[in-house]
Q: 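Handing you this structure, nothing more for now.
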Amino acid sequence: MKPQQPLPAPPRLGVWLLHRCIHPEIIDYITGDLEEVFYSTYQSAGLRKAQRLYLWQVVLLLSRPRLLRPIQLKISFPMNQIRFSLLSAWRQAKRQPIRTGVQLLGLLISFSCALLISFHLVFHFSFDQHISNADRIYRVAVDRNYLNGEKQSNATSSFPLAEAVEQDFSSVEETTQLISSQFMQEQAMLSVNGTRYHEEKILYAEANLSVFFELTLLQTSAPLTGYSVYLSESVARKYFSDDNPLGELVLLGDTLAVKVQGVFQDQPATSHLQLPLLLSMDVFDAVAGENARTIWGWDLAYTYIRLHPTADPAQTASQFDALFAKYNPNFSERRGYIYTAELQPLTDIHLYSHRIWEFEPGENVANLYLLAGACLLLLIISAVNFVNLLAAQVYRQTKVIGMKKVMGATPLSLYTHFVVEIGIQLLLVLMLSGIIVNALLPSLSSLTGISPEAYLDTAAVSVLAGAVITSVVFLLITSIHLYLLIRPIKPRVLLNRNAPNAYRLGIISKGLLLMQFALALLLTLGATTLYQQRQLLQSQSLGFAKDHTLIFSLDEVEKPHLGALKNALVNKANVASVSATSSYPGGRSERMRMRQQGQQDYVPVNLLYVDYDFLETLSIPLVAGRNFDQRYATDSTVRFIVNRAAVEAFEINMEEDAQLEWPTIYGTYQCDVIGVIEDFHFASLTQAIEPMVLVTFPRFNYVLVNINPQQVATTLTQIEEVFQQVLPELTFHYQWLDQSLADQYQKEARLDILIRLFTILSIFIALIGLIALADILIENRVKEVGIRKVLGASAGQIILLINQQFIRLLLLAIVIAVPAALLLTNRWLDQYVYRVQVDIWVIILICVGSLLLILGTVSIKSLKAALANPVKALRGE
Amino acid sequence: MIQIKSMKGAYLGELEELILLSVAVLYDHAYGVTIVEEMDQRISRKISIGAVYTVLMRLEEKGYVCSHEGAATQRRGGRRKKLYRLTNSGEEALRFAQDIRQRFWSAIPQAAFPSHSL
């Protein structure tokens, strides 16, 4: 019989769609009808037409809701499945403690670190967000652009600016200003009921500041006008304990009585304006003189503006040039500079503004990114461990999965089983890391100086949300990987006797391992460079003796007694030298502009007012000329000692006499340079040494006392006695110079600790991951190793065999990581004036070290296999 | 006589009426494909199978038609037909519909037709 030609079938897509969507009760009749139509059209009009018609009919059918399959949402909680997953996860963990332990430990460590660092990051990134109109508030910071191209960037501006802005700019809704006592180079001293208090800084604020920055006034307060003061809650408690401070009097500098008009809640830790107390501007006028607030060119005020909601900040910023031209005519001739202004968004100040006279030293955003980066690397490394070991586990269970498929398990059910298992592990890790973070948060805060409460208040919610999101994303990624692993497993693996269990590193696993090695190397190289750089900075000579030097701060009240104090101190046996100065290394110096006589250009210099014993007290060596001397009468006013940097900047010829011109508001002084000193690091070591000029003009704020290193305790009591004799009303208060300098580097030092910790942890996690992987690999090759040994392979050859794929990966990782590390560290080092050169030998050392480490780690496992008796390996069960 | 009162609210839609008529015409062979063909041949109206089934299901719910399974044929890929037949109330509904028209027709004065004046 002639074989009948098979009829063409209706389009499969259409049939599939129908079966998916049409109500099961009528699906048979409808498909039957459609097929009938299809064949009759096929016979009358051809296949194409028939197919088209069929599909068109399907589309029309699908637009009939009555005919469609009712949508059924099957929500049944897979309790049994979860119980089974838990059980099997537990059994897996028991059977393979190393793998499970490594998988979870790595994640646990990196999760905990990431959570801790997130607290720190979120804290710093949420500064000033609590103010409701923060996005419209800007600080006006001015730049002084000198004619010679120099630029001085101040965080502040002149006081009259705010009024001018309010008058001329329609886009500005409100302004407020704040003046810090630090501009007057004075310590603030207040006395309450006969007790004296030194405040680091006191602030003079405009009356509207409390509303502008939404301070919470605790009690009914009167406006901040007249001779009045607002106290923060903590300061109020310090001054008045639990009494009601309202209406009480506070003496400013023992003379000026101001009345407490209000108490406000302490600013949140995430405010860049930490305000202990606010004095009214009327008090400022009384202290600084009536005219102080009318001078253009004295940048003493922090000026904040709030724009109208519709205003364009860029356009407002562009109007400032015209404003300065209007209010400061001929400024460039009279002052030698012109102003430009920058509008700094309120929320950017803490992280991005690093100007002179910042209200508080902000955080360097680069450091935060560094931390975040290191933390991310750690996370990735542990995630790689997790994923790789998961792959190994799936390979191990190939036969189990095959069997399950034979028994009718759908890919989906197998898949959910694994996903649930991972989910349980992740949940466990999350909870445990929560406990760890809770325990370690106090340690972090002792490292960073930010209280745990501040961390929790600002960051808890975001960190929790972040952790959940990260876990979900992680779960998703591993699930996708898992799906790719499970899908290709066919039931026929059961029939295949050719080592279905043998686990080889797949291409993804290899890639991930390569990435892991490269990242660990990158982190190690980076951390080493960081460490070397810090060492360089610390080992660098400061250029003066910082040890055994005490700093006392002076107030206006105490200055008349300075001579008596000095004499009394010098007479003590263990006091080596006493000197009065306007500032100390690490403190602030005045910026002035001078030029050498006959030269054209002015040079910005740091000016330090010192007395005759300054060089001796700090052991700063003279290079040329002489020290200040009491026998020369003119030394007391118009003689300069300069440092080497100044010699270069002024282009002074050291062989000849030199004179510097110093323009002041009282006229221009002509001053002889009588000596040159060696450069010393007055400012931070991260900055280049700037030109510095010393003059013996009595504007002293501090007394430096250098004592002999022996019997420090007795010397201190002696000094205290002297202070009590000369200044009986003063509370004895001092700090060590070396400690105050160390405080400067504390911030960077704590960063180092964290980075070093992350490096060690990441190496650790990578290595334990390697151990677990090697363990699985070797276990799978036990028979292979046995056969090789029987055939005469030596233990060394076998170790090499197992090691070689890891070695190959590491070499590749070195090729990737070293250039990347060089590139990144060089970019980071660019911010330093004094920087280390990255040493090629260090890189080689690290690479060889990592090679040995990997060899050693893998060999722990491979040695056992290599030395085992092959008979045991080859014996059948 | 047809009980008009009892048929109140049981008006047939136009498509419903046409398909019910087709079912009646086709008698023993009324199912999706034949109804579509019937509509096409008799009044040149193309409707989709989906529309036919939607209407038939509605009619069945109202009780105007009943259905039973027919034989499977090779051309249908071995699938059964769903054959429809007019029920008593279906017949009533059809008659009622025609009766209503008739009443209207008989009430129209001859002068109302424009063709009459010609």
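First the proteins, then the strands, lettered A, B, ... as listed; each starts at 1.
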Q: Should B:K82 and A:D28 count as side-chain neighbours, where that means a heavy-atom distance under 4.5 Å?
A: no
Q: Assess whether atom NE2 of B:H29 is packed by more than 12 heavy atoms of other residues, nucleotides or ligands within 6.0 Å.
A: no
Q: Taking B:G70, B:A51, B:G78 one by one, which has the highest count of heavy-atom pairs under 4.5 Å against chain A?
A: B:A51
Q: Which atoms form the tightest heavy-atom contact between B:M57 and A:I26, and what is the distance?
A: SD-CD1, 4.1 Å
Q: Given a strict heavy-atom distance threshold of 4.5 Å, which part of B:E69 is in contact with chain A: side chain, backbone, both, or neither?
A: side chain
Q: Side chain, backbone, both or neither: which part of A:S40 has a non-hydrogen atom closer than 4.5 Å to chain B?
A: both
Q: Determine the minimum heavy-atom distance between A:D33 and B:V33, stating which atoms define it.
A: O-CG2, 3.4 Å
Q: Please classify the contact between A:E25 and chain B as side chain, backbone, both or neither, with a heavy-atom cut-off of under 4.5 Å.
A: neither
Q: By a 4.5 Å heavy-atom criterion (distance strictly below it), what part of A:R64 contacts chain B: side chain, backbone, both, or neither?
A: side chain
Q: Around A:Y39, counting heavy atoms of other residues, nucleotides and ligands shown, do more than 12 lie under 6.0 Å from its OH?
A: yes
Q: For residues A:L61 and B:G50, report the shortest heavy-atom separation together with the two atoms involved.
A: CD2-CA, 3.3 Å
Q: Tell me, yes or no, whether the heavy-atom count around A:R66 atom CZ, taken from other residues, nucleotides or ligands under 6.0 Å, exceeds 12.
A: yes
Q: Name the one of A:T31, A:I27, A:I30 that satisfies side chain to side chain contact (heavy atoms under 4.5 Å, CB included) with B:R79?
A: A:T31
Q: Could you check whether atom CG of B:D28 has more than 12 heavy atoms from other residues, nucleotides or ligands sitting under 6.0 Å from it?
A: yes
Q: Please flag which part of A:L62 lies under 4.5 Å from any non-hydrogen atom of chain B: side chain, backbone, both or neither.
A: neither
Q: Quick check: closest heavy atoms across B:K81 and A:E36, and the distance to 0.1 Å?
A: CE-OE1, 4.5 Å
Q: Would you say that more than 12 heavy atoms from the other residues, nucleotides or ligands in this model lie under 6.0 Å from the CZ of A:R69, or not?
A: yes
Q: Are the side chain of B:R76 and the backbone N or O of A:Y29 linked by a donor-acceptor pair below 3.5 Å?
A: yes
